[in-house]
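Data block below; observations after.
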Amino acid sequence: MKYLALLSLAALASAVPYGIDISSYQPTVDWTTVVDNGITFAYIKATEGTSYISPSFSDQYIGATDAGIIRGGYHFAHPDESTGATQADYFLANGGGWSADGITLPGALDIEYNPSGSECYGLTAASMVTWVTSFSNTYEAATGRYPVIYTTTDWWTTCTGNSAAFASTNPLWIASYSTTVGTLPAGWTYETFWQYADSGANPGDADLFNGDAAGLSRMAYGS
């Protein structure tokens with residue numbers, strides 16, 4: 001993702017909260033600098049499939065917490081390896097939980113292009129919708145919150161048949177590297193988070209929350 005020079009972070013900061021998402025590719029984060037740069041929330045990779053726990057997750061999560069950043073974990077899905085329920089349980093057991101403490105965002109399901117095989121992981125659109133439903137319902141049963149869904153409109157259209165089944169329950173985190181969000185997947189009338197760049201002044205990818213600081217706080221509290 002190319003950094004968008006046309007997008008003024010300084011201007012956006014005065015209107016909406018902005019944040020970052022990070023993984024083990026950013027093992028050491030200077031959270032003081034991140035806060036000084038105006039970051040107020042972060043999503044941190046916790047797990048992938050059912051065999052990977054990020055070695056950086058614990059330190060990153062504690063660092064964000066100590067810095068006063070609202071944070072949450074995310075899970076990179078491998079729908080070809082096991083059921084959605086199995087992966088949700090793995091995520092929940094390894095950092096992906098949620099509590100109404102005002103500083104924890106609901107866990108996010110990162111479901112997107114397969115990094116090492118078939119774009120849709122060999123699943124039909126109907127099977128993919130079933131997989132996401134299984135993950136989502138398992139997460140909600142454990143936490144009382146539906147997970148945020150991170151995806152792109154292109155992948156979602158191709159691999160779920162542009163399903164609108166989750167728009168009324170799951171907040172959308174859309175990846176769209178442009179000066180505008182663009183077309184959203186079916187059913188969603190707005191995005192909750194927008195990943196708009198993969199680099200910038202801070203580690204990891206750059207994100208915006210669609211609202212104000214009070215709205216981000218309500219997101220964390222579940223109210």
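Just so you know, these numbers use all the heavy atoms, side chains as well, and skip hydrogens, waters and symmetry mates. Values in this document were obtained by computation on a predicted structure and should not be read as measured data.
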Considering only heavy atoms from C-beta outward, does the side chain of [X] approach that of [Y] to under 4.5 Å?
X: Tyr18; Y: Asp207; value: no
X: Ile174; Y: Tyr196; value: no
X: Thr189; Y: Leu184; value: no
X: Trp156; Y: Ile111; value: yes
X: Leu105; Y: Val148; value: no
X: Met219; Y: Pro106; value: yes

Among Asp21, Ile22, Ile20, the one residue meeting side-chain contact (heavy atoms from CB on, under 4.5 Å) with Ile44: Ile22

With Pro17 as reference, evaluate Leu208, Ile70, Thr40 under the side-chain contact (heavy atoms from CB on, under 4.5 Å) test and give the passing residue.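 Exactly one option meets the side-chain contact (heavy atoms from CB on, under 4.5 Å) with Pro17, and it is Thr40.
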
Over 60° means perpendicular and under 30° means parallel, so classify the ring planes of Tyr121 and His78, tilted if in between.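 It falls in the perpendicular class, over 60°.
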
Indicate whether the side chain of [X] and that of [Y] have a donor and an acceptor atom separated by less than 3.5 Å.
X: Tyr113; Y: Thr151; value: no
X: Tyr139; Y: Arg145; value: no
X: Asp36; Y: Thr33; value: no
X: Tyr25; Y: Ser56; value: no
X: Gln87; Y: His75; value: yes
X: Asp110; Y: Trp173; value: no
X: Asn114; Y: Glu119; value: no
X: Asp101; Y: Ser99; value: yes
X: Thr130; Y: Thr133; value: no

Locate the shortest heavy-atom distance separating [X] from [Y]; write the atom from each residue and the value.
X: Glu191; Y: Asn210; answer: O-ND2, 2.8 Å
X: Ser134; Y: Gly84; answer: OG-C, 3.6 Å
X: Ile69; Y: Ala42; answer: CG2-N, 3.7 Å
X: Asn94; Y: Phe57; answer: O-CE2, 4.2 Å
X: Tyr52; Y: Ser24; answer: OH-OG, 3.1 Å
X: Ala201; Y: Asn37; answer: O-ND2, 3.8 Å

Joint hydrophobic cluster, [X] plus [Y], side-chain heavy atoms closer than 4.5 Å:
X: Tyr90; Y: Trp98; result: no
X: Val129; Y: Leu123; result: yes
X: Trp155; Y: Phe76; result: yes
X: Ile53; Y: Phe91; result: no

Within the side chain of [X], is there an N or O that forms a donor-acceptor pair under 3.5 Å with the backbone of [Y]?
X: Thr160; Y: Ala125; result: no
X: Ser54; Y: Thr47; result: no
X: Trp131; Y: Ser82; result: yes
X: Trp194; Y: Val181; result: no
X: Asp212; Y: Val16; result: no

Pairs flagged by side chain to side chain donor-acceptor pair (under 3.5 Å) wherever residues 163-172 is involved - sequence neighbours left out: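 Non-adjacent pairs meeting side chain to side chain donor-acceptor pair (under 3.5 Å): Ser136-Asn170.
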
Are Phe41 and Phe193 close enough that their ring centres sit under 6.0 Å apart?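 Between Phe193 and Phe41, which both carry aromatic rings, the centre distance is below 6.0 Å.
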
Sub-6.0 Å ring centroid separation between Tyr43 and Tyr74: no

Atom pair [atom1] ([X]) and [atom2] ([Y]), whose distance is rounded to the nearest 0.5 Å:
X: Tyr221; Y: Thr104; atom1: OH; atom2: OG1; value: 10.0 Å
X: Gln60; Y: Ser23; atom1: CD; atom2: OG; value: 7.0 Å
X: Cys120; Y: Met128; atom1: SG; atom2: CE; value: 5.5 Å
X: Ile149; Y: Phe166; atom1: CD1; atom2: CZ; value: 5.5 Å

Partners passing side-chain contact (heavy atoms from CB on, under 4.5 Å) against Ala88 (at least two apart in sequence or in another chain):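 Result, side-chain contact (heavy atoms from CB on, under 4.5 Å) vs Ala88: Phe135, Thr138.
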
